[in-house]
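Reviewing the structure listed below.
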Amino acid sequence: AGFADVTIRSNGLSVMEILNYFFPRKNVGEPFDRVESDHRLNENLTRTPLRKAVKTVLNHSLSITRLGDSLKIYARK
C-alpha cells in the first residue's frame, strides 16, 4: 500500500483472564468481567514509578516476543 518504516508492536496481556482460565471462580454469583478486572489491574500498575517501570518492561518483553494481545502499527505514507 506504499507505506514505509512499518513497525508492528505487540503489548498488553489479560493477566486476569489467564488467571480466571486456570483458576475459575466457583460459586460466585456474578460473571467474570475481563475488562473491569484488567482495568483495576492496570490502575494498580500505574500508581507508583516502580510499578510503571515493571509494566513498561513487561510490555517491551511482549513486544519482542510478539505475545501481547494488542497490536500497534506505526507506518509512514
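Reckoned from all heavy atoms, side chains included, excluding hydrogens, waters and symmetry mates.
- Listed here is the closest heavy atom pair of Leu67 and Leu13: O-CD1, 4.3 Å.
- Considering every non-hydrogen atom in both Ser10 and Gly68, the closest pair reads OG-N, 2.7 Å.
- For Arg34 (side chain) and Met16 (main-chain N/O), no donor-acceptor pair under 3.5 Å exists by modelled atom type.
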Problem - side chain to side chain contact (heavy atoms under 4.5 Å, CB included) between Arg51 and Asn44, worked out - result: CA-CA 8 Å; Arg51 289 179 184 182; Asn44 285 326; 4.2 Å; yes
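- Under the 4.5 Å side-chain heavy-atom criterion for ILVMFWY residues, a single connected hydrophobic cluster contains both Phe3 and Ile8.
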Practice task
Start with the C-alpha distance between Asn11 and Ser70, add both sets of side-chain angles, then the distance that settles side chain to side chain donor-acceptor pair (under 3.5 Å), and finish with yes or no.
Solution key: CA-CA 5 Å; Asn11 65 11; Ser70 297; 4.5 Å; no
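- Within the 4.5 Å cutoff, no side-chain heavy atoms of His60 are placed close to those of Val57.
- For Arg76 against Asp5, the heavy-atom pair with the smallest separation is NE-OD2, 3.0 Å.
- A pairwise comparison of heavy atoms in Asp38 and Ser14 identifies OD2-OG, 2.7 Å as the closest pair.
- When all heavy atoms are compared, the tightest approach of Thr46 to Lys55 is CG2-NZ, 3.9 Å.
- Under a hydrophobic-cluster definition in which Ile, Leu, Val, Met, Phe, Trp and Tyr are linked whenever side-chain heavy atoms come within less than 4.5 Å, directly or via other members, Leu19 and Leu41 are assigned to the same cluster.
- For the atom pair CZ (Arg9) and CD1 (Ile64), the distance works out to 10.5 Å, reported to the nearest 0.5 Å.
- Note: the hydrophobic cluster containing Tyr74 does not contain Leu71 (ILVMFWY, side chain heavy atoms under 4.5 Å, direct or indirect links).
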